[in-house]
Amino acid sequence: MRLTDFWQRLEEAFGAAYAGSIANDQVLTQLGGKTIKEALAGGEDAAVVWRAVVAAYPERVPSRLR
C-alpha cells in the first residue's frame, strides 16, 4: 500500500480533521505502543499500519476500505 492510499483511507474513515488527531495522538498496541505517525516514520509498512488501524477501530472503518 502506498502512503497516499493510506492517508486517503484514514481520512475517508475518520474525516480530515480527526484523521490527523488519530495519527498524531492515538497510541495503538498493535503497533507496539506507537502512534500511526511514529510507526510510519520508523519504517513500518503502510499496509501493516492500516491493518492495525482496522483492528483498533473496526466500527469506524467501512468494509470497502479494509
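Residues A56 and P58 come closest through the heavy atom pair C-CD, 3.4 Å.
Counting only residues at least two apart or in different chains, salt bridge (charged side-chain N to carboxylate O under 4.0 Å, His left out) contacts with residues 43-66 comprise E12-R64. Applying the salt bridge (charged side-chain N to carboxylate O under 4.0 Å, His left out) test to every pair with at least one member in residues 1-11, sequence neighbours left out, gives these pairs: R2-D5. Counting only residues at least two apart or in different chains, ring pair (Phe, Tyr, Trp, His ring centres under 6.0 Å) contacts with residues 30-50 comprise F6-W50. Pairs passing the ring pair (Phe, Tyr, Trp, His ring centres under 6.0 Å) check and including a residue from residues 26-46, sequence neighbours excluded, do not occur.
Side-chain heavy atoms closer than 4.5 Å link hydrophobic residues (I, L, V, M, F, W, Y) into clusters, and following such links, even through other members, never connects V48 to I36.
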Please tabulate, for side-chain N and O atoms in residues 18-34, each donor-acceptor pair with protein atoms closer than 3.5 Å (sequence neighbours left out).
from	atom 1	to	atom 2	distance (Å)
S21	OG	D25	OD2	3.3
N24	OD1	K37	NZ	3.4
N24	ND2	G20	O	3.1

